[in-house]
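Below is one structure; the comments refer to it alone.
Letters A, B, ... mirror the listed sequences (proteins, then strands); counts begin at 1. Because the structure is predicted, anything quoted here is derived from the model rather than measured.
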Amino acid sequence: MGGQVVHIRNLGVRLGPELAVIVEAMDMSAGDVVVLDAESGAGKSTALGLIAGAIPASAFDGTVHCLSNTEITPHAPRLDYGSPDRIGFVLQTNILLPYLTALENIRLPVEIAGQTLDTAWLTHLLGALGLSGLEYRKPTEISVGQRQRVAIARALLGRPDLLLLDEPVSALDPGNVGQVEALIEVLAEDAKSAVILASHQAARGAFAGARRAHHRVEQRDGVTHSIFAMETV
Amino acid sequence: MALSLTLALKDMRHDWQSALCFVAALVGVLAPLLIILALKNGIIGTMVGRLIDDPNNRQLIAVGAGSHTPAFFDEMRARDDVAFIVPATRSINTVANALRNRNPRALERAVPLIPTGPGDPLLPDIPLTEGQAVASDTLREQLSLEIGSTVEMVIGRELDSQSQTARADLTVTGFVPPDLYGRAALFISLPDLLAVERFRDDASVTPETWRNPAPFDRYASFRIYAKSLDDLRPLQIYLEEQGVQVRPRAENATLLLLFRKNLNILYAAVAVIAALGFWAAMAANLRGMVERQRIAFSLLTLLGLPEAQRRLIPILQSTTLVILGVAATLVLVLPAIALINLGFATAPGQFIARLSMLDIAATLTLGLITALTASIWAVAAIGNIHSEEVLRHA
């Protein structure tokens, strides 16, 4: 498993009595890009949350959940496996803390983890994402697209092993989608991050050629299982 | 801690209108309470101060004649609540037939003789031993006395239908101010008083030998003063339990103390009710804040901020708001108190309204306790906010 960023088997969560979302198999190394390409409501965000350890997994047979060679246990402190140099997460709704400036929001995960700030990388991110000059504005003082780019910078500042992107361009106008996706791809490559993208519109754009995790739905004992799986590498 | 404090303060600054409303609400509750407390302290404190300044208010008067042994007086002197006690030979004052000042010549008849001794609250810092006396201010005027004057004390008796007179020269060492003792009287040492009584009661004592009396083994009465006004009632109860009937010289002192006690209880009740109301408002406000910030707290969970640090945020916010509220209250109340004292000026050194540092420290302490306990609901709520909420917040 040396150098493996993601190693997952049968990681799932039951969402009520009739639905379960499962990541059946996923292995990724640094620089890999995988797209969870499924229709809305299939459980893509839930799958990302499971992978990130942000959603507690239910008990399934044969569960394996390793990120950056660290096995994730149910009660492990989040910073043990989810520090900004391991996981970066871009949320669909580009949530920022409203009382912090753009720059404070970007730096927050690194400050929480007590890690050293890479100012050169920060300057590079701000410039590349077009945020220079907006550092001291509050989220309410910038546009939706700029907020999304702040969220991307926040996820990338720690140079994470794994970058999780949940519909990162869904709130943008179509003219900007391709540009932002291309930026993410380049910056993730600069950061040497493995990328998992949840998107229902990745058939075109920068991630059109990326590998896909297959999605299928199975009925088992009256429970609908929404299953994501990729070929092992 | 530092990051939690930063987040707490930045959140409050961002939502400054809510914070301002909260501080205003605290000032609205606290300012009237502190002004009432200051008035209570000032008015009652001044009245009690005046009572304390007059030692007569600490005197218990023995009712009727008793039979008190020297051991009784030793026991009473050893008590913490007794400031002064001296035996008296009668339940009413012994009276000198006459007191005479030879220079200038002046004579006063039937002057009460009052036993005294070291520590007498009516004669602070005035030395007095056998052969010395302290005159009341009225007697000073009547006999034109000065410190160092010699007063001739004349004691008469009837023996076998013959009048006999004993005389003694006493040196005046001081005067009792008129506000402490208003009538004419001469304060003398116990041995001198005993000599007077022996001469009157014992035929074997002659005018030549009367100044060397044997001590009494029983005394009919005493002069006693409690150490403080608060000691007055317990001391009265103790003496009555011993079968010694006494009454406070100044009944109004007891009534005022009772009034003060009841006022303290009333104020405490008002303060507790106000604090409970404020506590409920604060708890609801903090809980509401957590609910409004639910997604932000979920994001902080996702970003790895430890639970203890997340729980610290409402605690720090509530304590900061209370400190700001108390400070704003003091900024308003202290000048108001100064204005009240200016507008209702009393005697120098006395105030209508007064707030001590202890009152301010107690207010701040109670405020912080309120802040800490009121944030428990909010702190508990944060424990139920998980990182998955922000993922599903679409």
Side-chain angles (χ1 to χ4, degrees), chain A residues 13 15 40-41 43-57 76-101 104-105 107-115 138-140 151 154-155 157-158 164 166-167 170-171 198, chain B residues 1-22 285-286 288-314 316-318 320-321 378 382-394:
Chain A
V13 62
L15 302 172
S40 288
K44 297 187 294 295
S45 297
T46 301
L48 287 182
L50 274 169
I51 294 166
I55 294 176
R78 177 141 190 86
L79 283 179
D80 284 3
Y81 59 87
S83 54
D85 57 339
R86 294 193 170 192
I87 297 177
F89 209 138
V90 179
L91 301 164
Q92 184 177 1
T93 47
N94 58 65
I95 299 284
L96 303 173
L97 290 183
Y99 47 85
L100 298 183
T101 63
E104 288 166 342
N105 267 290
R107 291 167 57 152
L108 185 60
V110 171
E111 289 192 7
I112 288 173
Q115 293 175 343
K138 294 280 180 63
T140 51
R154 180 179 66 194
L157 182 61
L164 300 161
D166 188 5
E167 305 277 11
S170 61
Chain B
M1 171 82 174
L3 185 57
S4 297
L5 183 62
T6 303
L7 293 172
L9 294 180
K10 283 182 184 292
D11 182 21
M12 283 197 305
R13 194 176 68 179
H14 177 73
D15 197 8
W16 63 271
Q17 284 166 319
S18 296
L20 187 66
C21 288
F22 185 88
N285 183 61
L286 290 168
M289 182 275 293
V290 169
E291 204 52 43
R292 287 193 302 276
Q293 300 272 351
R294 197 170 181 90
I295 294 305
F297 278 109
S298 176
L299 177 63
L300 288 171
T301 311
L302 181 71
L303 296 179
L305 189 67
E307 187 169 322
Q309 290 189 44
R310 277 180 278 134
R311 288 180 192 269
L312 208 52
I313 291 172
L316 292 169
Q317 286 179 330
S318 62
T320 305
L321 288 170
I382 286 175
N384 292 322
I385 299 175
H386 305 291
S387 55
E388 59 206 82
E389 288 186 35
V390 73
L391 301 178
R392 292 179 176 142
H393 180 73

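- For B:Gln293, the part lying under 4.5 angstrom from a heavy atom of chain A is the side chain only.
- Only the side chain of A:Thr46 comes within contact range of chain B, judged by heavy atoms closer than 4.5 Å.
- Taking CD from B:Glu389 and CD1 from A:Ile95, the interatomic distance works out to 11.5 Å, rounded to the nearest 0.5 Å.
- Ranked by non-hydrogen atom pairs under 4.5 Å with chain A, the options B:Ser298, B:Gly304, B:Pro306 are led by B:Gly304.
- Here the shortest heavy-atom pairing between B:Ser387 and A:Ala54 reads OG-O, 2.7 Å.
- For B:Thr301, the part lying under 4.5 angstrom from a heavy atom of chain A is the backbone only.
- Scanning residues 4-12 of chain B against chain A with a 4.5 Å heavy-atom cutoff picks out B:Leu7, B:Lys10, B:Asp11, ordered by number.
- Residue B:His14 holds its NE2 atom at 10.0 Å from CG of A:Leu97, rounded to the nearest 0.5 Å.
- Heavy atoms closer than 4.5 Å to chain A are found in the side chain of B:Leu299, but not in its backbone.
- With a 4.5 Å cut-off on non-hydrogen atoms, A:Leu91 touches chain B through its side chain but not through its backbone.
- The candidate with the highest count of non-hydrogen atom pairs below 4.5 Å against chain B, out of A:Ile87, A:Asp166, A:Leu100, A:Leu96, is A:Leu100.
- With respect to chain B, the highest number of heavy-atom pairs below 4.5 Å among A:Glu104, A:Glu111, A:Glu167 belongs to A:Glu104.
- Residues B:Leu391 and A:Leu48 are not in side-chain contact: their nearest non-hydrogen atoms beyond the backbone lie 4.5 Å or more apart.
- No part of A:Pro84 comes within reach of chain B, as not one of its non-hydrogen atoms sits under 4.5 angstrom from that chain.
- Looking at every heavy atom in both residues, B:Glu388 comes nearest to A:Pro56 through OE1-CD, 3.1 Å.
- In this structure, chain B has a heavy atom under 4.5 Å from the side chain of A:Leu108, while its backbone stays farther away.
- B:Leu303 approaches A:Pro109 most closely through the heavy-atom pair CD2-CG, 4.0 Å.
- Judged as a ring-ring contact (aromatic ring centres under 6.0 Å, His included), and not counting sequence neighbours, B:Phe297 has no contacts.
- With a threshold of 4.5 angstrom between heavy atoms, B:Leu302 approaches chain A through its backbone and through its side chain.
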